[in-house]
Number of protein chains: 2
Amino acid sequence: MNKPAKQPANSNRSPCPVACTLDIVGDKWTLLVVRDLFSGKKTYSQFQNSPEKIPTNILADRLKRLVEQGIIDKQPYQSRPMRYEYLLTPKGKALGTVLKVMKEWGEEYLDGCHSATQGAVRK
Amino acid sequence: MNKPAKQPANSNRSPCPVACTLDIVGDKWTLLVVRDLFSGKKTYSQFQNSPEKIPTNILADRLKRLVEQGIIDKQPYQSRPMRYEYLLTPKGKALGTVLKVMKEWGEEYLDGCHSATQGAVRK
DNA sequence: CTATTGGCTTGCAATTTGCAAGTTAGTGGT
DNA sequence: ACCACTAACTTGCAAATTGCAAGCCAATAG
């Protein structure tokens with residue numbers, strides 16, 4: 001199967017891959033949505049029910065951007081009424097390592113944080 | 001040597017370690033400052049000279065926060081006039097894996113980004 | 001004394017975040 | 001046909017953050 005073409009980096013800043021990656025995921029909510037996808041969540045209301053209580057305008061915006069970036073796909077899972085679920089693409093799944101090392105860093109260096117099974121990241 | 005106590009997570013959101021980590025590094029500039037430290041930069045003007053041209057109010061703010069979080073130390077390197085350099089602590093060095101996997105993800109999935117030797121992350 | 005420098009701070013406009021309420025389309029039940 | 005309900009958003013607005021550009025400050029050299 002053909003590998004999809006690379007997305008343009010869209011960086012206003014530099015060609016550095018860290019900078020380009022941060023232009024996509026460098027905010028407080030995007031990687032949390034990806035975390036929830038890893039934990040099995042697929043629908044808008046499942047994301048809303050995460051413990052962080054993401055504001056709905058932010059959730060809708062981040063899902064839209066993640067689809068635009070090819071990190072997730074939006075697919076119908078029901079037709080009456082039409083409803084969509086969100087699924088990680090290979091590009092999205094590859095963010096699993098980012099989540100994993102952030103989780104490990106947080107557990108090692110930040111007090112008061114601990115993994116619930118709900119928030120756990122599996123690669 | 002005693003390991004410093006863990007920093008409080010300071011998360012307003014949840015005890016999830018990913019969320020707590022993102023409360024610290026979940027913006028577009030913080031990890032770029034840490035990247036520059038990995039590449040050997042130590043002083044304010046060296047950070048300013050990075051290709052991304054970080055705004056000076058943002059740079060000052062991020063350095064301050066990184067010191068507060070124990071991710072970097074501010075130490076004098078000259079006394080006339082007094083000048084300071086910034087050095088990664090073990091806590092900061094542990095972010096190297098985050099930078100490494102973000103770099104790899106960006107190189108794999110984002111077109112137009114490539115590592116300059118200047119921007120390279122070494123662990 | 002003046003000029004220069006590194007390391008910031010400041011004012012302000014633009015943008016983003018986030019609260020809270022509201023809207024929309026579609027369905028099920030009566 | 002109507003009403004109630006639901007999931008998935010959008011909207012208006014205030015607050016917060018970002019970022020531009022200029023300027024300031026303390027300390028030094030000459």
Side-chain angles (χ1 to χ4, degrees), chain A residues 10-14 16 19-34 36-37 40-69 72-87, chain B residues 10-14 16 19-34 36-37 40-69 72-87:
Chain A
N10 274 342
S11 175
N12 303 320
R13 298 193 289 171
S14 82
C16 166
C20 295
T21 299
L22 287 168
D23 285 338
I24 296 167
V25 301
D27 68 276
K28 289 181 168 58
W29 292 107
T30 300
L31 285 175
L32 285 195
V33 175
V34 176
D36 287 352
L37 284 149
K41 292 178 178 174
K42 296 179 175 176
T43 67
Y44 191 97
S45 55
Q46 288 174 333
F47 300 122
Q48 273 193 267
N49 283 338
S50 290
E52 295 86 9
K53 295 301 173 195
I54 184 170
T56 53
N57 56 321
I58 301 291
L59 175 55
D61 175 68
R62 298 300 188 265
L63 287 171
K64 178 173 179 291
R65 292 194 205 177
L66 286 166
V67 170
E68 285 168 351
Q69 289 292 332
I72 66 179
D73 276 334
K74 182 178 182 181
Q75 291 181 5
Y77 70 93
Q78 176 187 297
S79 58
R80 290 195 63 238
M82 183 67 77
R83 293 258 166 90
Y84 297 86
E85 64 187 359
Y86 296 92
L87 300 170
Chain B
N10 276 342
S11 177
N12 304 321
R13 298 192 287 171
S14 83
C16 165
C20 295
T21 299
L22 287 169
D23 285 339
I24 296 167
V25 300
D27 65 280
K28 291 182 165 59
W29 291 108
T30 300
L31 285 175
L32 285 194
V33 175
V34 175
D36 287 351
L37 284 148
K41 291 176 180 176
K42 296 181 174 176
T43 66
Y44 190 97
S45 54
Q46 290 175 330
F47 299 124
Q48 273 193 269
N49 285 337
S50 289
E52 295 87 8
K53 297 299 174 194
I54 185 170
T56 54
N57 56 321
I58 301 291
L59 174 55
D61 175 68
R62 296 302 187 265
L63 287 171
K64 178 173 178 291
R65 291 194 207 175
L66 287 166
V67 171
E68 284 167 353
Q69 288 292 331
I72 65 179
D73 277 333
K74 182 176 182 181
Q75 291 180 4
Y77 70 92
Q78 177 187 297
S79 59
R80 290 195 65 237
M82 183 66 77
R83 292 262 167 88
Y84 297 87
E85 64 186 0
Y86 296 92
L87 301 170

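The figures here come from the full heavy-atom set of this structure, side chains too, leaving out hydrogens, waters and symmetry mates. The structure presented is a predicted model; accordingly, all values stated were derived computationally and were not measured. A, B, ... follow the sequence lines: proteins, then strands. Residue 1 opens every chain.
The NZ atom of A:Lys74 sits 12 Å away from the C1' atom of D:dA7 (whole-angstrom rounding). Taking atom CD of residue A:Gln46 and atom P of nucleotide D:dC9, one finds them 13 Å apart after rounding to whole Å. One interatomic measurement links the two molecules: CG of A:Leu63 to P of D:dA7, which rounds to 16 Å at whole-angstrom precision. Going from atom OH of B:Tyr77 over to atom P of D:dA27 covers 15 Å, rounded to whole Å. In this structure, CZ of B:Arg83 is placed 8 Å from C1' of D:dT28, rounded to the nearest angstrom. Rounded to whole Å, atom P of D:dT18 lies 14 Å from atom CG of A:Asp23. Summarising the geometry, the separation between CD1 on B:Ile54 and P on D:dT17 is reported as 16 Å, rounded to the nearest angstrom. As rounded to whole Å, 16 Å separates atom P of D:dC9 from atom CZ of A:Arg65.
Along DNA chain C, the nucleotide nearest to A:Met82 and the one nearest to A:Thr56 differ in position, and the one closer to the 5' end is contacted by A:Thr56. Residue-to-nucleotide proximity on DNA chain C shows that, of B:Tyr44 and A:Arg80, the 5′-proximal contact is made by B:Tyr44.
Between B:Arg62 and D:dT18 there is a side-chain N or O to OP1 or OP2 distance below 4.0 Å. A close approach under 4.0 Å does not occur between any side-chain nitrogen or oxygen of B:Trp29 and OP1 or OP2 of D:dT17.
Using a 4.0 Å cutoff to heavy atoms of chain B, the contacted part of DNA chain C runs 5' to 3' from C:dG6 to C:dT10.
In this structure a side-chain-to-backbone donor-acceptor pair under 3.5 Å is missing from B:Gln69 to B:Arg65.
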- side chain to side chain contact (heavy atoms under 4.5 Å, CB included) between A:Leu59 and A:Trp29: does it pass, once the steps are laid out? CA-CA 8 Å; A:Leu59 175 55; A:Trp29 292 107; over 6 Å; no
- Item | Test side chain to side chain contact (heavy atoms under 4.5 Å, CB included) applied to B:Arg13 and B:Asp23, step by step | CA-CA 9 Å; B:Arg13 298 192 287 171; B:Asp23 285 339; 3.0 Å; yes
- Message: What verdict does the side chain to side chain contact (heavy atoms under 4.5 Å, CB included) test give for B:Phe47 and B:Leu32, after you've listed the backbone C-alpha separation in whole Å, the side-chain angles of each residue and the deciding distance to 0.1 Å?
- Response: CA-CA 9 Å; B:Phe47 299 124; B:Leu32 285 194; over 6 Å; no
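Between B:Ile58 and B:Asp27 the shortest side-chain heavy-atom distance does not fall below 4.5 Å.
Across all strands shown, A:Ser45 has heavy atoms under 4.0 Å from sugar-phosphate atoms exclusively, and none from any base.
Shown are B:Leu66, B:Thr43, B:Leu63; of these, the side-chain contact (heavy atoms from CB on, under 4.5 Å) with B:Tyr86 is made only by B:Leu63.
More than 12 heavy atoms of other residues, nucleotides or ligands shown are found within 6.0 angstrom of NZ on A:Lys53.
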